[in-house]
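Okay, structure first, notes after.
Positions are given from 1, in the same order as the sequence printed here.
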Amino acid sequence: MLDLATGALRWEAPTAVLTAAPVLQGSTVVLAIGDGNYHARVEARDLATGAVRWTTPVTASFDEAIEPAADARQVVVVDRFGTVTLLDLTAGAVRWRRAVGHALLDTQMPMTSERVVFRSFSGDVFVLARADGHVVARYRPDDLGGLVLRIPPPPRAMG
């Protein structure tokens, strides 16, 4: 982790070859880490010190172009084989896990108060219920008039 004001190294942590993009939420950075050999984990670290807050094993590895999502309560990750896991941000407890059976190499994971969205390698877009992970909708590329290249983040509530 680099200090944005000075560029100096604040702390560093070992990851593995198949690690997703980090997620920052408040004073927490979340890493989804895997070695490509079914040894994978999601871990939360203190943003200021790098101290591990929690570590939770997950089913498979990630790719660096996978962008998990987090809010003040939860973090959602999807591995390269299409298993989505929603975890409690404070303790790392798994709330639910859903395998959709579609591989992916890169995706963004917009998350609203009710939904989680991601795109598979085949171009299918999945919408899952945030409460329990069931598939609310699945859109194939033909349904959408072509491949979705990027899923934009949901709009922020005005208030």
- Can you tell me if Thr15 uses its side chain to pair, donor with acceptor, with the backbone of Thr19 under 3.5 Å? no
- Apply the test side chain to side chain contact (heavy atoms under 4.5 Å, CB included) to residues Phe121 and Arg80: give CA-CA distance (whole Å), side-chain angles for both, the deciding distance (0.1 Å), then the verdict. CA-CA 9 Å; Phe121 182 70; Arg80 61 191 342 213; over 6 Å; no
- Task: State plainly whether the residues Asp106 and Arg119 are in salt-bridge range, i.e. N to O under 4.0 Å.
- Result: yes
- Item | Expected output: side-chain Asp63 to main-chain Ile66 donor-acceptor under 3.5 Å | no
- Task: For the residue pair Val84 and Trp96, establish whether any side-chain heavy-atom pair is separated by less than 4.5 Å.
- Result: yes
- Do we see a donor-acceptor contact under 3.5 Å between the side chains of Thr59 and Asp79? yes
- Query: Where the side chain of Arg98 meets the backbone of Gly133, is there a donor-acceptor pair that is under 3.5 Å apart?
  - Reply: yes
- Spell out, yes or no, whether Phe118 and Val135 are grouped together once hydrophobic residues are joined by side-chain heavy atoms under 4.5 Å, including indirect joins. yes
- Query: Which heavy atom of Gly92 sits nearest a heavy atom of Leu87, and at what distance?
  - Reply: O-CD2, 3.3 Å
- Query: Any salt bridge between Asp88 and Arg73, counting N to O under 4.0 Å?
  - Reply: no
- Task: Please answer: with hydrophobic residues joined when any side-chain heavy atoms are less than 4.5 Å apart, are Val23 and Val42 in the same cluster?
- Result: yes
- Reported CG-to-OG distance for the pair Asn37 and Ser61, which is rounded to 0.5 angstrom: 8.0 Å
- Exercise: identify the closest heavy-atom pair between Pro22 and Leu31: CB-CD2, 3.7 Å
- Message: Between Thr28 and Arg53, is the side-chain hydrogen bond (donor to acceptor under 3.5 Å, both in side chains) condition met? List the steps.
- Response: CA-CA 9 Å; Thr28 303; Arg53 291 185 173 164; 2.3 Å; yes
- Is there a path of hydrophobic side-chain contacts, each under 4.5 Å between heavy atoms of I, L, V, M, F, W or Y residues, that connects Phe126 with Met111? yes
- Task: Compare every heavy atom of Asp124 with every heavy atom of Pro141, then report the nearest pair and how far apart it is.
- Result: CD-OD1, 3.8 Å
- Task: Write down the atom of Pro68, the atom of Ala21, and the distance for their closest heavy-atom approach.
- Result: CD-O, 3.4 Å
- Message: Is the distance from the ring center of His102 to that of Phe81 below 6.0 Å?
- Response: no
- Query: So which of Gln25, Arg95, Arg130 actually passes side-chain hydrogen bond (donor to acceptor under 3.5 Å, both in side chains) with Gln74?
  - Reply: Arg130
- Do Thr83 and Val78 have side-chain heavy atoms sitting under 4.5 Å apart? no
- Could Asp35 and Arg41 be called an ion pair, given the rule that one side-chain N must be under 4.0 Å from one carboxylate O? no
- Item | Non-hydrogen side-chain atoms of Phe62 and Val77 separated by less than 4.5 Å | yes
- Query: Any donor and acceptor pair, going by atom type alone, linking the side chain of Trp54 with main-chain N or O of Leu89 inside 3.5 Å?
  - Reply: yes
- Query: For the hydrophobic clusters of this structure (ILVMFWY residues joined by side-chain heavy atoms under 4.5 Å, transitively), does one cluster hold both Met109 and Leu86?
  - Reply: yes
- Query: Do the side-chain N and O atoms of Asp132 and His134 include a donor-acceptor pair separated by under 3.5 angstrom?
  - Reply: yes
- Same cluster or not: are Leu18 and Tyr38 linked, directly or through other Ile, Leu, Val, Met, Phe, Trp or Tyr residues, by side-chain heavy atoms under 4.5 angstrom apart? no
- Message: When you compare the side chains of Arg97 and Thr85, does any donor N or O come within less than 3.5 Å of an acceptor on the partner?
- Response: yes
